[in-house]
Structures are given as structure tokens and as C-alpha cells.
Amino acid sequence: MAKKRKTDASDGIRVGDKILSLSGYLTKRPKLEASSTSKDGLTLSNEGVSTKNQGPSNSKEDLSKEGVSTKTEGLPLSQGDRRLKPIGNPKYFDARQALPLWSRQDDIRQRLRQNDVLVLVGETGSGKSTQVPQFLIQEDWCQRKKVNVKGDGGVQEMAVGGMIAVTQPRRVAATTLAHRVAKEANIPGKKKDTERHGPLSDGIVGYSVRFDHRVPKGTKIKYVTEGMLLQELLRDPHLRQYSAIIVDEIHERSVDVDLLSGFLKQILSGDKAGRGGIPLKVVIMSATANVGSIKKFFSDADPEGSEESAPPVTRPKTSVDFLQIEGRQFPVDITHTSKPVPDIQDALLNTLFKIHKQESLFDKHGRKDILAFLTGQEEIESAQRLIEEHAETLPAGVPKIAVLPLFGQLSMEAQHKAFQPTKDKNTRKIVLATNIAETSVTVPGVRFVVDCGKAKVKQYRPRLGMESLLAKPISKSSAIQRTGRAGREGPGKCFRLYTEETYESLEKTDLPEILRTDVLNAVLTMKARGIDDVLAFPLMDPPEFESVEKALLHLHILGALADDGSITDIGRKMVMFPVPPPYARVLIAAATPKYDCLLEVIDIISCITAGDDIFLQIQSEETKEEAEEFRKELRRREGDLITYLTTIQQYSAENADRVRWCKDRKINTRNMKQAMNIRKQLRGLCVKQKMMEQPPADPQPFYPITPERSATILKCFLKGFALKTAILAPDNSYVTAHGKHVVAVHPASVLHGQKKEAIMFLEHVYTQKNYAKKVSAIEAQWIVEAVDRSG
DNA sequence: GAGCACTGC
């Protein structure tokens, strides 16, 4: 017998009497839908996949200077009770007033007048990402002010503040939120241009993400990715144009948000001289309630090591306030297994068919589909086969089943299928997903969640200089998040394929990314922003000393740091490029006369950093043969890098039908487009850095690269990857030059199964084995030459 | 013979 348990309110799932208050929201839902918003007012049903709400991209006209503009001096304050009279477009008033957050706006304003930092916990659907900045823009402290700032050149009058930045971990989130808030906040009819160019051509809302910037003159609210704000910190360490920074989704704990928190803490605890005495307000927003350590981090504003010039006497602690807002979530019944399951596939199958047989396909809230969380592609595909086989034995009269896989490497169309309702109404959808459905995308219609309790996580091992990708138990927080996916459209049920004891034994939260990844980039980011002693930099979870030490050494080898640990000119140049430090080092080497292969190196790096492999995995045997035939002319015996180069060169020479071209070769069109964007960005940066002349525009005719040229390119890559090399041992295994580990060439590599004198690999991942990925054939002698620092 | 998910003036 399965044991039943309901979560308490702190788990983020509403129960008992809370259902009554939820029903209040339900009565208001038709209004919300009438104004064509999703029910939580901001979440796209297929966030991360659809791009339709992003508007036209890269239009230079809409780019306004992000620097200090002198015009706007704030908006007029509204009269009377703001609760009854929201500012902005009246069309959205009803929907905004129905949000759980609406009634708390005066409270939020009051708290931020009295405190520097507000930690706000608001569950999905509370409206925090869209409403909080709108609540604050009229505050007096939020207006731009002319002040005297002491700088290197003496006292200078400057404008400080006036804008609010809202950070997001993902680009789609930033752009869609900006569009949404622009509709709400901009008063319609003020400018005719709004109609022609969309809501973001004018008004008080803008965004800035990689490849896409829309910051109209007079922008008060700017949605940015975390990385973008870190980049801004490089040229404006005091964030002078901002009155407030709202850090959204901090619970995701990306490396960028951790670094950002450190810099914000420094600004908060500093003497504010760089801002002419004007304080910076910070709102930290989280969707999960476990924010104890975050609160402590910001309130412990101990200046030690963070502000050398500051006097150590009686500095007041940063005042941190805390507020929790209820979300709009239906109750979810949770079932654990009574015993640990011996076979996860078996348990999954039983659970799925039990749900399918016992539960109706529809109720008053809509469809009742199933979402199952599994660890990876392989598990998903084998489960799909089993389910489909078993579904054929279903008796007549029982609704049919449609199984839909959902994972990152799937093509756009295949991913889209998982979001659409089944064509036949009498068919139940079963979506088998990886972690992608936990945060990145929302599958509509889900009322049942099946959770296997595991996820694949990447973990960097500084000692070995490699990472592993293995299935590990998820955290409680993650389990709660998965459970919550069943209660977004109506009351739901969650079936956990593990015991309640197992649940209790799970870690409270996931390990933050900064503890799971190579801190090479993080350390360079700090060094470039003036942090001399990186070990003293305030971080919520500081990495082990050994990880930081390794990163410092590696940066020294790359030439980014001098012997005394200070950043070099090369290091400063490296941070200008939005690629990992070793790639940046390769770009710089490629621009020197010795290698002179910058265009080719940009092409290769664009392909590699565009996301997952541009070559899709092929499932069926027949399409494999077909694609392999097409891919033949792309494959190069020099290895994966020269194969990428050939691919992007042929792609950019293709002028007829690029989508068709990708389809034939089973190439990920999304990643290929991304690669072309990165290529354009890197080319632009290199021109700006005077590393090369403006290259000719596409399409350029394709000429296969000569073996001599590819040798030059590979030697150039060794400037960044000399440590990632291996030599063929007498027993035909590859042994790494550093560490003497045995590595196998990954099966996805064009060099899989081949024996070369030596190899260079850009990635090093332990899964089933110790695998080298992105592999090239090199000569052992080249490694020696590359380590010689004179070149 | 194998593929968690994001991201960067």
C-alpha cells in the first residue's frame, strides 16, 4: 500500500484551508485569460522554446545609450490610493489587481524605504517578476539625482540612479517579461510609434540580453540576464545608473547570480562614495522558501576584505527585510512508495497505467495529462518503447495513450509536440522529460507528475581537471518543484517512485553551480573587476580552496595572470569575449602573425559554444545512413574541430535553403543559428579590438581547408588547451599528458576508434568511462611548442 | 558506441 502525505505550506504547495483562498483566484481567471495572458501573468507555456514573443531582433534603431541620459527625472506620483488606481495601461488593471502580490505593494514600498535589502519569497504565479519593479519606480529614492562624485579626476557632478535592473537567469525570461511589463506599464496612445514598432520601441521598460538590446530613452525598468549585468559591472563598478537591482530567481543559484550577489554585497557595505552617497536598494527574489543563508549573507555586511579603503569602525550592518507572498498553486496530493523500488522502469510503467486506468481524462479545470521526470535520453527512449508496447494491450474503451519525449537535444519540432494537446481528444498525453521540464519549460495540461527522484548532474573535479555527468538523487527543493508541476492548472497528484524515508534523507537544496563547476571563469571575472584577493570575495558558498588555487594556476598558464596574481593585458582582453577563458586565449593567439587564423578560429569556437553539439544524435538506422552520406563531405580526418569548421563554412556558403541543408545532415538548426549569431558577435568584437579588419559578408564561396592550414589552426588551439592533450601509449590507449589518466575518444567524435600519435581534446567528461570530446589529431611535438610561453 | 539544463556589451 502506498502511503499518502500532503505537503505543508512551506513546501510551496497549498493545502487544506488554502484551497478556499485559491478558489477566489479561480473566479477571476476568465478576466485574466480575456486579456490574453497566461494564468500567472507572465509564464510562457513553452518558455525556452518559443521565440514568438521576442519581437524583431538586433534592430540598431531601438538601441539607445545605456549611459547616463539627462532627460528623465522620474514619473509624476499618482494621487490617492494606488491600489485602486494602478499606473499604466488600464486594460491590464484587472489582471494585475488579481495577482497575490497586488495587495502587498504598499508593504513592499514601506519596507524598502526603511531597508536596503528586501528578500522576497513568492511562489510561481505571485506576479513578483512583473509587479515589484512597477511598484518601485515612483519611489522618491528611485529617481535620478545629480550628485557630486569623487573620482580619479577630482569631484565631478554626475547623475546617479533612476533605473531598476531586474536580472533573469535566461534570455527568454528577460525578453518576455520586458514585453509583458511594457504592455502593462506604458500608458497607451502616448506615442504613435508604439503601434508600429511594438511596445518596447518607446516607454519605460527595456531589456538587454546577448544579441538583443532594447533600451529606449527614458527606460526605468530594464530586464537583463545575470551575465549582462556582470558585464555592465566591468565598466560601471558602482552601478551608477541604477537605484535598485532586483535579483530574480536567485534560488537557481547560477554562478553568475552568486558573483553578482557578491558584488552587490560589496556595494551595499561600501562607503557609497562611488555613488555620490546615494544608496543602492536590492531586492532578492526567490521562488523557494529556504532563503536563510541568503538573508544571512546580505545582512552580514562585514566589510572585512571587501572594502579596503573603508574605515573598520562602526559600520552599520546592511538592513535586510523579509517578506513571503503566497502563490497561485492548486493542492497536489503526494504518494510515496512503501518500499524502495527495485526497478525504476517497472515502477514507472505500473504507476503510469494505474493513473491512466483510474483517472478521468478531463475535469472542469481541463485536460489531465501526465508528466514523468526521468534522468536522461536513454532512459526516456527505453521507457517510451515499454509504454507503447504495453499500451497496445489496453482493452477497447480505455482512452489511448500518446507518449512524448522531451529533452534538450531534441529538435524544435519534437519538443513542440510535447507542449501541444493530443490531436485525438480521447487520448492521454504522457510526457517523459528530463530536468528541462523542472525549470526551463512548462508543459500545459499536466495534472499528474511521476518523479523518479533522480537527475543527471555535472560535477567538476578540480583534482582531476575533469567533470562527471552522473545520475544523482535530487534535492527536496527539486522534488517539491517537480511536484508543483502537477498543480498549475487544477488540483493534481504526484507519484514519487521512492519512499517517504528517502525523501526525508534528500539534501534540502541542490548544490549551487559554483560548487559543481570549474571556477576558472568566475576567478577571471573577479580579477577583471578589481578583486585582488579572490579568496576574500564574499560568496554565499565559497568553493574549496583547492578549486580556486587550480583556477589561479590555470589562468597563469593561459597568460591571464602575472606571477604576482595581477591581471595581465591578455587577461583583460580575454574577459571581453563571451566565451570560456581557454577559448578567449585561443582567439587572442589566432590574431597574432604566428598563427593568423582568426576567422577560422571564430568559426570553430562559434560552433562549439553554441550549446549542445550541432550534430544531432540519430536514432533510427535508416535515417542514420542517409545523414551519414550527407555528413561525409563535412567529416575531416584532422578531427572534430576541422569538421566543425568545414560545417559552418559550408553552411554559410549555402544560400538556397539552410533549414533543408541542416535537416539533410541532421544538424541542429537552432544551435547552428546560435553559432552564426556568436560568429557575428565575435567578429564584431575582434574588429573593435583591432585584432582584424572587417571580414567580407556572407555568403562566401567554400574552399576545403588545406592540411597545412588545419595544422596551424590546431596549434593555435593548443595555446588554450595544452593541458588537454593525450599521447597514444604502446597498449593503444590514450594517456593524458598531465595527470597520466587514460581517456577514451567519445563515440560522437569523428576520431572515435582511430589511433593517432597524439590528441587534443577540449572537453573531458566521466560518464560510463573517462571520455575525451571535441577531439583533434595532433603531433606530440606540438604540445612542447605550445607550452613554450614565448609564443 | 553514447547524449541533465542554462548562459555571456
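So you know, we letter chains A, B, ... as the sequences are listed, proteins then strands, and number each from 1. Quick note: numbers below take in every heavy atom, side chains included, and nothing from hydrogens, waters or symmetry partners.
Phosphate contact (OP1/OP2 of B:dC6, side-chain N/O of A:Arg253, threshold under 4.0 Å): absent. Under 4.0 angstrom from either OP1 or OP2 of B:dA2 there lies no side-chain N or O belonging to A:Thr767. Regarding contacts with the backbone of B:dC4, every side-chain N or O of A:Thr375 stays at 4.0 angstrom or more from both OP1 and OP2. Between A:His746 and the phosphate of B:dG1, there is no side-chain N or O to OP1/OP2 separation shorter than 4.0 Å.
Contact annotation for A:Tyr771: backbone-only contact, meaning every heavy-atom pair under 4.0 Å involves sugar-phosphate atoms and none involves a base. A:Ser254 comes within 4.0 angstrom of nothing in the nucleic acid, heavy atoms only. Across all strands shown, A:Val255 has no heavy atoms under 4.0 Å from either base or sugar-phosphate atoms. Looking at heavy-atom distances under 4.0 Å, A:Pro581 makes no contact with the nucleic acid at all. Across all strands shown, A:Lys688 has no heavy atoms under 4.0 Å from either base or sugar-phosphate atoms.
Annotation: A:Phe721 is not in aromatic contact with A:Phe761 [ring centroid separation under 6.0 Å not met].
Between A:Thr525 and A:Leu406, it is A:Leu406 whose nearest contact on DNA chain B lies nearer the 5' terminus.
For residues 475-484 of chain A, the set of pairs meeting the salt bridge (Lys or Arg N to Asp or Glu O under 4.0 Å) definition, not counting sequence neighbours, comprises A:Glu438-A:Arg482, A:Asp451-A:Arg482, A:Lys476-A:Glu504.
At whole-Å resolution of the value, CZ in A:Arg210 and P in B:dG8 are 6 Å apart. To the nearest angstrom, P of B:dG8 lies 16 Å from CE of A:Met576.
Judged by distance alone with a 3.5 Å cut-off, a donor-acceptor contact links the side chain of A:Glu378 to the base of B:dG3.
Applying the ring-ring contact (aromatic ring centres under 6.0 Å, His included) rule to A:Tyr498 yields no partners; only residues at least two apart in sequence or on another chain are considered.
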